[in-house]
Q: 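The structure's right below; bear with me while I get my questions together.
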Amino acid sequence: MSQQDYYEALGVSRSAGADEIKKAYRKLAMKYHPDRNPGDAAAEEKFKEIQKAYDVLSDPQKKSAYDQFGHSAFEAGGGQGGFEGFGGFGGAQGFDFSDIFSQMFGGGGGRQPSYQGEDLQYGIEISLEEAAAGLKKQITVPSHEECGVCHGTGAKPGTSATTCRTCHGSGTVHVRQAIFQMQQTCPTCHGSGKEIKDPCLQCRGDGVVKSSKTIDISIPAGIDDGQRIRLTGEGEPGSHGAPAGDLYVHVRVRPHKVFHRDPENPTDLHCELPISFTVAALGGEVEVPTLTGKVKLNVPAGTQGGKRLRVKGKGVKSVRGNHIGDLYCHIVVETPVNLTDRQKELLEEFERIATGSGHNQRPREKSFWDKVKDVFD
């Protein structure tokens, strides 16, 4: 059976450096470790593959041999004669490579391995007003806690875990691969050094049960849709004294019926402001809504539809500073409907007077026809 390429097993390119290889291994090892996938044979096999790949790619001499000769560099007899130049390891019978996973997560020397708790994700939806002002909120997050029946041992009350018959409590076993002797996590106890023959019926041997916890969170003023808040140490608890994971609160800001934020500058707000054609023509003072109440806005005489008027300081506070954005009102000039006979008479009279005045009172209309004339003449 052909073996998987070690670089592919870790999901890195052949030009990956030591730090990238280590980071990729750590992520995959956390995901597929048997302790986190009890009874999952596929996950256990995947864990063995990535550990084997890391054993080679993390060692500069072994990596060099693998890059030159591939898997044949580690087969009995050295394959293709390439193994002879492998830095003198031809006589390395019995060389003990320590369990890399144990080195990284504290499981060496016969001690139980410790794992940092997993991160938790939580979504919350708030209004634009809440996002602008900030708020404090209580959330209830699904989590795990120590089993109250077995008190975290995983064993049925009245029984206890026994020393693993395979590794004799060390948590690791030695496996020979060609000329190398390697140390790996025990497949029976998955590194704990203990076997549970009578698992607790409440937690099924896990030592933890599903639970939930209530957390007070502070959402800063100015937070935008799609941003997240990180709460250090509020994730799943770690094992054997390892630190807990983090909690990431993903914030969704509900669309507002009146305002929307500027994608390029989220401290600025925008809204449409309908005004009558009389106010647009003569100018005047109108009321404008903001997130904190109404304010007065002066509309200049002759304001055209589509013009943008600014209300300074009525936007949203920056989440990273004290700057407050502005509110931009986009003018919409409304055409009156359901006119009375008298209103129609007055408008018709106005149109006759405007047409015969000889003054240019409709600049956009004149500009349009000037452009048409340039195109067709």
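All figures in this text were calculated on a predicted structure; none of them were measured in a lab.
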Q: Strictly distance-based, threshold 3.5 Å: is any side-chain N or O of Gln4 a donor or acceptor partner for the main-chain N or O of Glu49?
A: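 Here the side-chain-to-backbone pair does not exist.
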Q: In plain terms, say whether Arg261 and Asp268 are close enough for a salt bridge, that is, a side-chain N and a carboxylate O under 4.0 Å apart.
A: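 Answer for the salt bridge query: no.
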Q: May I have the step-by-step check of side-chain hydrogen bond (donor to acceptor under 3.5 Å, both in side chains) for Glu129 and His256, ending in yes or no?
A: CA-CA 9 Å; Glu129 288 84 355; His256 199 275; 2.7 Å; yes
Q: Return a table of donor-acceptor pairs under 3.5 angstrom between the side chains of residues 319-337 and protein atoms on other chains or two or more places apart.
A:
{"residue": "Asp326", "atom": "OD1", "partner": "Gly313", "partner atom": "N", "Å": "2.8"}
{"residue": "Asp326", "atom": "OD2", "partner": "Arg310", "partner atom": "NH1", "Å": "3.2"}
{"residue": "His330", "atom": "NE2", "partner": "His270", "partner atom": "ND1", "Å": "2.9"}

Q: Taking salt bridge (Lys or Arg N to Asp or Glu O under 4.0 Å) as the test, write out the residues that go with Arg204, two or more places apart.
A: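 Salt bridge (Lys or Arg N to Asp or Glu O under 4.0 Å) list for Arg204, sorted by chain: empty.
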Q: Go through the structure and list residues passing ring-ring contact (aromatic ring centres under 6.0 Å, His included) with His250, not counting sequence neighbours.
A: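 ring-ring contact (aromatic ring centres under 6.0 Å, His included) list for His250, sorted by chain: empty.
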Q: Looking at Glu345 and Arg342, is there a salt bridge between them, counting it only when a charged N and a carboxylate O are closer than 4.0 Å?
A: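 Here Arg342 pairs with Glu345 in a salt bridge, since their nearest N and O are under 4.0 Å apart.
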Q: Tell me whether the centres of the aromatic rings in Tyr122 and Tyr248 are closer together than 6.0 Å.
A: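 No: the rings miss the under 6.0 Å criterion.
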Q: Output yes when Lys63 and Asp67 qualify as a salt bridge under the 4.0 Å nitrogen-oxygen rule, no when they do not.
A: yes
Q: Report the C-alpha separation of Arg14 and Asp5 in whole Å, then their side-chain angles, then the decisive distance to 0.1 Å, and conclude whether the salt bridge (charged side-chain N to carboxylate O under 4.0 Å, His left out) test is met.
A: CA-CA 10 Å; Arg14 301 188 77 83; Asp5 180 84; 3.1 Å; yes
Q: Can we say Glu234 and Lys213 salt-bridge, meaning some charged N sits less than 4.0 Å from an Asp/Glu carboxylate O?
A: yes
Q: Is there a side chain to side chain contact (heavy atoms under 4.5 Å, CB included) between Ile223 and Ile126? Walk through the geometry before answering.
A: CA-CA 10 Å; Ile223 196 165; Ile126 61 176; 4.1 Å; yes
Q: Can a side-chain donor-acceptor contact be found between Glu236 and Ser143 if the only test is distance below 3.5 angstrom?
A: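 Indeed, the side chains of Ser143 and Glu236 share at least one donor-acceptor pair under 3.5 Å.
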Q: Spell out, as yes or no, whether a donor-acceptor pair under 3.5 Å connects the side chain of Lys137 to the backbone of Asp216.
A: no
Q: Suppose we call two aromatic rings close when their centres sit under 6.0 Å apart. Are Tyr25 and Tyr54 close by that rule?
A: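 Yes, the ring centres sit under 6.0 Å apart.
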